[in-house]
Structures are given as C-alpha cells and as structure tokens.
*Asks:* 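Please read through the structure below; I'll follow up with questions.
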Amino acid sequence: MTERKVFKLLETLKKEVYEANLLLVKYDLVTLTWGNVSAITSDNKFIVIKPSGVSYDTMTPASMVITDITGKIVEGNLKPSSDLPTHLELYKNFPQISSIVHTHSLWATVYAQAEEDLPCYGTTHADTFYGTVPCTRALTKNEIMEAYELNTSRVICETFRDRGIDPTQIPAVLVNKHGPFVWGDNPRKSVENALILEEICHMAYLTRSLRQDVEPAPQYLQDKHYWRKHGDAAYYGQGK
C-alpha cells in the first residue's frame with residue numbers, strides 16, 4: 001500500500017472512530033470520559049483510539065491517536081486511552097474483529113460488578129449474541145498491580161478460550177468488577193453491539209426481578225433468531 005493510500009485510510013478511520021466515540025454519548029453509554037472506541041486498519045498495522053481523559057465535547061477527528069500494533073505512537077499529540085494495552089492484545093488474539101468499545105454503561109457494569117454471566121433469556125439477546133455473554137474471573141492482586149490493562153485482555157482471551165466461545169458470535173464480555181468490552185466489524189457496529197448489550201442487561205435484570213427462576217430461551221429459538229441475521233443463510237433485512 002502506498003504512503004498516500006495509508007494516509008487516506010487513516011484519515012478515514014480517525015473520522016469513523018471520532019464519530020463512534022460521540023455515539024457513546026448520544027446513546028447514553030458513557031458518563032464523563034468513562035469510555036473509548038478504537039479501530040484497527042485492514043492490514044493490522046495501525047490502531048486509532050480515543051485520547052485518554054479528553055472530554056467528548058472538545059474532541060475532533062484530529063484528537064484521535066494513532067499507534068502501531070506495539071502501542072508506539074505514530075501520530076497525535078495526546079496520550080492514547082489508558083486501555084490501549086487491552087485493545088492491542090484483543091486485536092492480536094481476535095484477528096476477526098476490527099473495532100473495540102469499552103464503557104462503564106450502567107446495566108452492563110452492574111452485571112460485571114455482580115460477577116454474573118448474561119444468559120440469553122429471549123430473542124432480543126439472540127439476535128446479536130449467540131448464547132451467554134460471559135463474565136471473566138477476577139484478576140489476582142499480582143495481575144492488577146503488575147500489568148493491569150494487559151492482564152485485563154489476557155483474562156478476556158482466557159475466558160473465551162476456556163469456554164470455547166467464538167468472539168464473532170459473542171462480540172462482548174463482562175470484565176469482573178470492571179465493565180463491558182464489546183467489538184465488531186467497524187466502529188459504528190461495535191457501538192451498536194455495546195448499546196444492545198446494555199439493553200439486554202437491563203431486560204435481564206428486570207426479567208429476573210419478576211421471576212427469579214426464569215430459564216434461558218430454548219436453543220432452537222436462539223438458533224432461529226441468531227442465524228436469520230448471521231451467516232450465509234441469513235434472510236433478515238435487505239441484503240448487501
């Protein structure tokens with residue numbers, strides 16, 4: 001890829017990541033500066049991410065920080081999000097994903113703080129997430145003190161590996177005592193998935209409040225709703 005094409009690609013991606021960060025505010029998924037969106041280039045060489053602690057009101061596309069896959073800043077005058085090591089490690093381990101969102105949205109964080117998985121109680125969940133959204137184990141004291149952000153990503157990868165979960169079918173995780181990390185094919189899609197996660201966490205909480213012994217939706221119902229929107233046989237919507 002020529003230098004001119006790389007520049008154009010990064011300028012486009014900076015705008016997309018900036019706009020996705022503003023969507024977090026629009027959808028009420030962040031308070032103050034408690035959230036960030038990143039994206040990786042199609043050649044897996046560069047990451048665009050929100051700067052650390054910068055107000056959404058003052059950000060511009062030029063505020064976005066570009067790093068390489070090792071985390072070295074290649075463009076930008078601001079510090080990248082403190083969650084950058086988590087994003088980088090997830091991109092390395094989940095090469096199918098192209099964008100990551102981290103928030104402390106209310107209902108998803110409630111589930112993370114309660115150390116609860118999010119079972120699929122109905123079709124709203126099944127349309128996007130093919131099964132239970134997992135909550136990770138707690139990080140140890142050493143994991144927190146030595147390399148907190150890196151170990152956050154490692155415990156996410158461990159959870160998906162040990163449970164045999166496909167990150168393309170469950171594009172979200174609840175990090176124990178922390179909050180959600182969500183991903184997708186592009187910045188807008190990853191924010192959309194974060195919004196859906198927040199809604200189904202709220203629905204699940206209310207459902208269990210009404211009936212504590214509620215069972216997950218039957219597998220055949222989950223299959224129907226997930227696969228009508230995903231895969232080669234999907235028929236929901238107007239096609240590509």
*Asks:* Within 45 degrees of the axis of the six-membered ring of Tyr56 and under 6.0 Å from its centre: does Lys50 put its NZ or CZ there?
*Replies:* yes

*Asks:* So how far is it from Thr124 OG1 to Ile200 CD1, rounded to the nearest 0.5 Å?
*Replies:*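 Reported value, rounded in 0.5 Å steps: 8.5 Å.
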
*Asks:* Is Gln222 reaching over with its side chain to a backbone N or O of Ala217, donor-acceptor style, under 3.5 angstrom?
*Replies:*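 Present.
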
*Asks:* Would you say Val173 and Phe160 make side-chain contact, with heavy atoms under 4.5 Å?
*Replies:* yes

*Asks:* Please find the pair of heavy atoms, one from His125 and one from Gly131, that lie closest to each other, and give the distance.
*Replies:* NE2-O, 2.7 Å

*Asks:* Determine whether Thr132 and Ile165 satisfy the following criterion, side chain to side chain contact (heavy atoms under 4.5 Å, CB included), listing intermediate values before the conclusion.
*Replies:* CA-CA 9 Å; Thr132 297; Ile165 300 172; over 6 Å; no

*Asks:* Distance only, no hydrogens: is a donor on one side chain within 3.5 Å (strictly under) of an acceptor on the other, for Tyr130 and Asp223?
*Replies:*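 Indeed, the side chains of Tyr130 and Asp223 share at least one donor-acceptor pair under 3.5 Å.
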
*Asks:* Would you say CG of Asp28 has more than 12 non-hydrogen atoms from neighbouring residues, nucleotides or ligands within 6.0 angstrom?
*Replies:*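 Check fails, neighbour count at 12 or below.
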
*Asks:* Specify the closest pair of heavy atoms between Tyr111 and Cys201, including all atoms of both residues, with the distance to one decimal.
*Replies:*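 Shortest heavy-atom separation between Tyr111 and Cys201 comes out as CE1-O, 3.4 Å.
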
*Asks:* With a 6.0 Å cut-off (strictly less than), is the heavy-atom count around CD of Gln212, excluding the residue itself, greater than 12?
*Replies:*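 Not more than 12 within 6.0 Å, no.
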
*Asks:* Please report the closest heavy-atom contact between Val17 and Ser38, naming both atoms and the distance.
*Replies:* CG2-C, 4.3 Å

*Asks:* Check step by step if salt bridge (charged side-chain N to carboxylate O under 4.0 Å, His left out) holds for Glu11 and Lys14.
*Replies:* CA-CA 5 Å; Glu11 288 302 302; Lys14 283 163 60 177; 3.1 Å; yes

*Asks:* With side chains defined as the heavy atoms from C-beta onward, is the minimum distance between Ile196 and Glu199 less than 4.5 Å?
*Replies:* no

*Asks:* Decide yes or no on side chain to side chain contact (heavy atoms under 4.5 Å, CB included) for Asp213 and Arg211, but give the supporting numbers first.
*Replies:* CA-CA 6 Å; Asp213 64 349; Arg211 181 179 171 184; 2.9 Å; yes

*Asks:* Do Leu195 and Leu23 have side chains that get closer than 4.5 Å, going by heavy atoms?
*Replies:* no

*Asks:* Between Thr41 and Asp43, is any side-chain donor less than 3.5 angstrom from a side-chain acceptor?
*Replies:* yes

*Asks:* Show the numbers, then the answer: is there a salt bridge (charged side-chain N to carboxylate O under 4.0 Å, His left out) between Lys15 and Glu19?
*Replies:* CA-CA 6 Å; Lys15 184 173 184 293; Glu19 291 174 347; 2.5 Å; yes

*Asks:* Under the side chain to side chain contact (heavy atoms under 4.5 Å, CB included) rule, what do Thr33 and Val54 come out as? Steps first, then yes or no, please.
*Replies:* CA-CA 7 Å; Thr33 60; Val54 174; 6.0 Å; no

*Asks:* Is it the case that the side chain of Trp183 and the backbone of Pro167 share a donor-acceptor pair, with hydrogens and angles ignored and the cut-off at 3.5 Å?
*Replies:*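 Confirmed, Trp183 side chain pairs with Pro167 backbone.
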
*Asks:* Heavy-atom distance under 4.5 Å between the side chains of Pro51 and Met59, does that happen here?
*Replies:* yes

*Asks:* In sequence, state the C-alpha distance, the side-chain angles, and the governing distance for Asn21 and Met64, and then conclude on side chain to side chain contact (heavy atoms under 4.5 Å, CB included).
*Replies:* CA-CA 10 Å; Asn21 274 287; Met64 301 301 103; 4.1 Å; yes

*Asks:* Kindly work out whether a path of hydrophobic side-chain contacts (I/L/V/M/F/W/Y, heavy atoms less than 4.5 Å apart) joins Val133 to Leu221.
*Replies:* no

*Asks:* What distance do Thr136 atom OG1 and Lys177 atom NZ have between them, rounded to the nearest 0.5 Å?
*Replies:*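 Going from the OG1 atom of Thr136 to the NZ atom of Lys177 covers 11.0 Å.
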
*Asks:* Can you classify the ring geometry of His104 versus His102 as parallel (below 30°), tilted (30 to 60°) or perpendicular (above 60°)?
*Replies:* perpendicular

*Asks:* Taking atom NZ of Lys92 as the centre, report whether more than 12 heavy atoms of other residues, nucleotides or ligands fall under 6.0 Å from it.
*Replies:*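 Counting other residues, nucleotides and ligands, NZ of Lys92 exceeds 12 neighbours.
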
*Asks:* With a 4.5 Å cut-off on side-chain heavy-atom distances among I, L, V, M, F, W and Y, is there a chain of contacts connecting Tyr205 to Leu106?
*Replies:* yes

*Asks:* With hydrophobic residues grouped by side-chain heavy-atom distances under 4.5 Å, do Val214 and Trp107 end up in a single group?
*Replies:* no

*Asks:* Cut-off 3.5 Å, side chains only: do Glu198 and Ser105 have a donor facing an acceptor?
*Replies:* yes

*Asks:* Could you report the tightest heavy-atom contact between Ala172 and Pro134, atom names first, then the distance?
*Replies:* O-CD, 3.9 Å

*Asks:* Hey, what do you get for CD1 (Ile49) to CG (Leu88), rounding to the nearest 0.5 Å?
*Replies:* 7.0 Å

*Asks:* What are the two closest heavy atoms between Ile73 and Leu78, and how far apart are they?
*Replies:* CD1-O, 4.1 Å

*Asks:* Does CZ in Arg228 sit with more than 12 non-hydrogen atoms of other residues, nucleotides or ligands closer than 6.0 Å?
*Replies:* yes

*Asks:* Would you say Tyr121 ends up clustered with Leu197 if hydrophobic residues are merged whenever their side chains have heavy atoms under 4.5 Å apart, either directly or through other cluster members?
*Replies:*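 No; tracing contacts between hydrophobic side chains, which count when under 4.5 Å, never links both residues.
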
*Asks:* NZ of Lys45: more than 12 outside heavy atoms within 6.0 angstrom?
*Replies:* no

*Asks:* Tell me whether Asp117 contacts the main-chain N or O of Cys135 through its side chain, where contact means a donor paired with an acceptor under 3.5 Å.
*Replies:*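 The answer is yes, because a donor-acceptor pair under 3.5 Å joins these two groups.
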
*Asks:* Atom CG in Asn151, atom CD in Glu158: separation rounded to 0.5 Å?
*Replies:* 10.0 Å

*Asks:* Can you measure from OG1 (Thr86) to CZ (Phe181) and round to the nearest 0.5 angstrom?
*Replies:*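 So the gap between those two atoms works out to 4.5 Å.
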
*Asks:* Group every Ile, Leu, Val, Met, Phe, Trp and Tyr by side-chain heavy-atom contacts under 4.5 Å, then state whether Leu210 and Leu206 land in the same group.
*Replies:*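 No, separate clusters.
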
*Asks:* Check Ser190 against Pro187 and note the closest heavy-atom contact, atom names and distance.
*Replies:* OG-O, 2.8 Å

*Asks:* Got a salt bridge between Asp162 and Arg137, using NZ or NE/NH1/NH2 to carboxylate O under 4.0 Å?
*Replies:* no

*Asks:* Can you tell me how far the CD1 atom of Ile100 sits from the CG atom of Asn36, to the nearest 0.5 Å?
*Replies:*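 Separation between the atoms: 9.5 Å.
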
